[in-house]
Structures are given as C-alpha cells and as structure tokens.
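First the structure, in the form of structure tokens, and then the observations on it.
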Amino acid sequence: MTQTDPDLPPRLTDRAQLDRNRKRATPDGLFLQNLAADEVKDRLTEVNRRFTKPAIVTGFPEIWARSFPSAKIVADDDTLDLAPGAHDLVIHGLSLHWANDPVGQLIQARRALEPDGLFMGVMFGGQTLSELRAVLSEVEIETTGGLSPRILPMGEIRDLGALLQRAGFALPVADSDLREVTYKNATALIRDLRLMGERNALEQRLKKQLSRSVLSAVNDRYRRHFPASDGRISASFDLVFLTGWAPDDSQPKPLRPGSAVARLADALGADETKLSD
C-alpha cells in the first residue's frame, strides 16, 4: 500500500519537513528540550528503582544522550528500533506530539519493556502556543476569510492520559507543567520556534509564508491580548508528562466490585439515611 491508498488514515506529519526543521535547530533554541530532560531526570529520582537498561526515543539525540549517557538512543520514526522486552525504562523525549500514530508509539514502547518496566514520556500538550493559535486564527479569518493549518494540534491532558490506557500500560498517570516564556513580539516567538526545530511540519500545511501585513497584524493583536511585562508578550508551553508501567502480576490491582468488608458510612463516621423509593 502507498500513502495515497484511500483506506489509510491521513498522515499528520511531513517527516521530511520535520527532519529539515530539526536540522535548523540551534543549541540556544533547544532550552525546552534541556528543561524536559532535566525534569525527567528529577522525576526518576523519586522512583524507588534502579534502571540499568534504559532507552530514549527522541528527535534530538544530542540533548538526551548528554542527560542519559548509558541509554540506547532511538529515533522517533513510525517504527521504533526497540527490541521486545529489552529495557526496564523507556523514555519518549518531547517528540510524541509529532507522531502520526501516538498510540502505536506507546504500544511499541510498552512492548520494549520487560514486565514491571517503566515508561515515562514528555510531550507538548493542548495549552502550548494557545495565544499564538488564537491570534493567528483571528487575523487569518479577518484578512482571508478562512483558516490554514499553521500550528500542530495538540492533545489535552485527559485525552493524553487515556492514550496510556489504550496502549495497555498499568497504573497510568498524566500531569502537566505549564511554562510561560516572554518574547519581544510574535515575530520573535515564530523565529524561536524555528530555532527549536518546532516550525510547522504538518502534512497539510499551507507552504506560503505569512505576508508582512498579516504578520504586522499578528504582532499588534498579540501585544494587545497577551501582554507581559516591559512591553513584551507571553507564550505558553504545556509540558505533559505521561507515566505508565508494563503490566506485571506483582503490581497492585483494584479490588473486585462488591468485595468491601467495611461500610463507607462507618469509615467516615457519618449517619446513613435510607432513600425513599
């Protein structure tokens, strides 16, 4: 089958463009990759476990290899170079938001884990660039009468947590760390996205650049609606952390419904009133 087969779902990401974007990233622009790697390291210190066979899925191997020098580094291709049951820890490092099949990526990560192995992923969530998304939408509708896909759609935390369950992880947890970054103007923000390697790589993107008049309107609208201190603007980056375990019989299990041996009212010290029929 080819990608033009009508039975295949449309691809979200143009991988060739994503690779070009990442090659244009600069060390200064990768501050969020560094922040994510540091946060993952901190979170792992809170896990009462020593990991000896880690693997990391990432589009920026130099960043994550520096933070985890003993880990196997794997490209975030559609098919991950991970052997089944080979690792006790798999990290998905701030690239899952570009996956054409995020559930498939998570399933591959789970299969690569030994029983009771840990998965920890970090990705951009739904509040990321919410300000830029809103301003671009308003200005484009006013100037062109329509919308074009300029910013990657990103999942909300509840939906992303559900992906862990769909992928078969035990004890799934999702939480969010919202970071605010200030810029001189929207033009500086868009330029910084290029330095991050996070410019538009959508398969259905409009390849025409923003005109000067539209960009000027975006700068003005952004400054009015989302001002920060000293005449700057504020931009949100929503880091969503996903944690789950490869199933194992040693893990705690929920009790069977109806198996309680004590009444809730007794535990709470409350009076129980029977409802009328």
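Below, all heavy atoms of this structure are taken into account, side chains as well, without hydrogens, waters or symmetry copies. Along the sequence shown, the residues carry numbers beginning at 1.
- We find that Arg66 and Glu62 are not joined by a salt bridge, their nearest charged nitrogen and carboxylate oxygen being 4.0 Å or further apart.
- If you chain together hydrophobic residues whose side chains sit under 4.5 Å apart, Leu32 and Val40 fall into the same group.
- The shortest side-chain heavy-atom distance between Val57 and Leu80 falls under the 4.5 Å cut-off.
- Rounded to the nearest 0.5 angstrom, Asp28 CG and Met196 CE are separated by 11.5 Å.
- Between Thr187 and Asn219 there is a side-chain heavy-atom pair separated by less than 4.5 Å.
- Listed by chain and residue number, Glu114 satisfy the side chain to side chain donor-acceptor pair (under 3.5 Å) test with Lys53 (two or more places apart in sequence, or in another chain).
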Would Asp248 and Ser250 satisfy side chain to side chain donor-acceptor pair (under 3.5 Å), going step by step from the backbone distance to the final call?
CA-CA 5 Å; Asp248 184 70; Ser250 66; 2.4 Å; yes
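- The closest donor-acceptor contact from the side chain of Asn21 to the backbone of Arg199 lies under 3.5 Å.
- Remark: side-chain polar atoms of Ser137 are paired, donor with acceptor, to backbone N or O of Arg133 under 3.5 angstrom.
- Across all non-hydrogen atoms, the minimal contact from Trp98 to Arg22 is CD1-NH2, 4.1 Å.
- In this structure, the side chains of Arg223 and Asn185 come closer than 4.5 Å at one or more pairs of heavy atoms.
- One distance of note links CG of Asp159 with CZ of Arg166; it measures 10.0 Å at 0.5 Å rounding.
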Go through it in stages, so that I can follow the logic: the residues are Leu189 and Leu129, the test is side-chain contact (heavy atoms from CB on, under 4.5 Å), and I'd like the CA-CA distance, side-chain angles, deciding distance and then a yes or no.
CA-CA 10 Å; Leu189 167 58; Leu129 299 176; 4.1 Å; yes
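- In terms of hydrophobic clustering, with Ile, Leu, Val, Met, Phe, Trp and Tyr side chains grouped at heavy-atom distances under 4.5 Å, Leu118 and Leu113 are assigned to different clusters.
- Closest heavy-atom contact between Glu203 and Asp14: OE1-CA, 3.5 Å.
- Thr143 places a side-chain N or O within donor-acceptor distance of the main-chain N or O of Val139, the cut-off being under 3.5 Å.
- Between Phe119 atom CZ and Phe169 atom CZ the span is 5.5 Å, to the nearest 0.5 Å.
- Leu215 is listed as a side-chain neighbour of Ile190, based on a closest heavy-atom distance under 4.5 Å.
- Side chain of Lys72 to backbone of Asp81: a donor-acceptor contact under 3.5 angstrom is found.
- Residues Met123 and Leu193 do not share a hydrophobic cluster, defined by chaining ILVMFWY side chains whose heavy atoms lie under 4.5 Å apart.
- Under a cut-off of 6.0 angstrom, the local environment of CG in Asp230 is sparse, with at most 12 non-hydrogen atoms contributed by other residues, nucleotides or ligands.
- Proximity of Met120 to Ile56: side-chain heavy atoms (C-beta onward) are nowhere separated by under 4.5 Å.
- A heavy-atom distance below 4.5 Å is found between the side chains of Leu12 and Pro153.
- Closest non-hydrogen pair, Gln105 versus Asp77, comes out as NE2-O, 2.7 Å.
- Ile157 and Leu94 are assigned to two separate hydrophobic clusters, defined by single-linkage of ILVMFWY side chains at heavy-atom distances under 4.5 Å.
- Taking each heavy atom of Ile91 and Trp64 in turn, the nearest pair found is CG2-CZ3, 3.9 Å.
- Leu195 and Ile151 are assigned to two separate hydrophobic clusters, defined by single-linkage of ILVMFWY side chains at heavy-atom distances under 4.5 Å.
- Side-chain contact between Phe124 and Leu96: absent, with no pair of heavy atoms (C-beta onward) separated by less than 4.5 Å.
- For the atom pair CG (Asp116) and CG (Asp249), the distance works out to 10.0 Å, reported to the nearest 0.5 Å.
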List, one per line, each side-chain donor-acceptor pair under 3.5 Å for residues 232-243, sequence neighbours excluded.
{"unit_1": "Arg232", "atom_1": "NE", "unit_2": "Thr182", "atom_2": "OG1", "d": "3.2"}
{"unit_1": "Arg232", "atom_1": "NH2", "unit_2": "Thr182", "atom_2": "O", "d": "2.9"}
{"unit_1": "Ser234", "atom_1": "OG", "unit_2": "Glu180", "atom_2": "OE1", "d": "2.9"}
{"unit_1": "Ser236", "atom_1": "OG", "unit_2": "Glu131", "atom_2": "OE2", "d": "2.5"}
{"unit_1": "Ser236", "atom_1": "OG", "unit_2": "Glu180", "atom_2": "OE1", "d": "3.2"}
{"unit_1": "Ser236", "atom_1": "OG", "unit_2": "Glu180", "atom_2": "OE2", "d": "2.9"}
{"unit_1": "Asp238", "atom_1": "OD1", "unit_2": "Ser176", "atom_2": "OG", "d": "2.3"}
{"unit_1": "Asp238", "atom_1": "OD2", "unit_2": "Gln127", "atom_2": "N", "d": "3.3"}

Stepwise, does the side-chain contact (heavy atoms from CB on, under 4.5 Å) test hold for Arg11 with Asp78?
CA-CA 11 Å; Arg11 295 179 67 84; Asp78 290 341; 2.9 Å; yes
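- Residues Arg20 and Gln17 bring a donor and an acceptor atom of their side chains to less than 3.5 Å of each other.
- Judged by distance alone, the side chain of Thr58 and the main-chain N or O of Phe60 form a donor-acceptor pair under 3.5 Å.
- Within a 6.0 Å sphere centred on CZ of Arg212, heavy atoms belonging to other residues, nucleotides or ligands number 12 at most.
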Checking Leu44 against Leu89 for the side-chain contact (heavy atoms from CB on, under 4.5 Å) test, could you report, in this order, the C-alpha distance in whole Å, the side-chain angles of both residues, the deciding distance, and whether it holds?
CA-CA 10 Å; Leu44 288 174; Leu89 170 66; 3.9 Å; yes
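- Put simply, the side chain of His87 reaches to within 4.5 Å of the side chain of Val90, judged on heavy atoms.
- In terms of modelled atom types and a separation under 3.5 Å, the side chain of Asp88 and the main chain of Thr52 share a donor-acceptor contact.
- Residues forming a ring pair (Phe, Tyr, Trp, His ring centres under 6.0 Å) with Phe68 (at least two apart in sequence, or on another chain): none.
- With salt bridges taken as basic N to acidic carboxylate O contacts below 4.0 Å, one links Arg43 and Asp175.
- With Asp192 contributing its side chain and Ala188 its backbone, the two residues share no donor-acceptor pair below 3.5 Å.
- Tyr222 approaches Ala186 most closely through the heavy-atom pair CD1-CB, 4.0 Å.
- The NE2 atom of His97 lies 9.0 Å from the OG1 atom of Thr13; values are rounded to the nearest 0.5 Å.
- Note that CG of Leu30 is 9.0 Å distant from CD of Glu198, once rounded to the nearest 0.5 Å.
- The nearest pair of heavy atoms linking Gly168 to Arg110 is O-CD, 3.3 Å.
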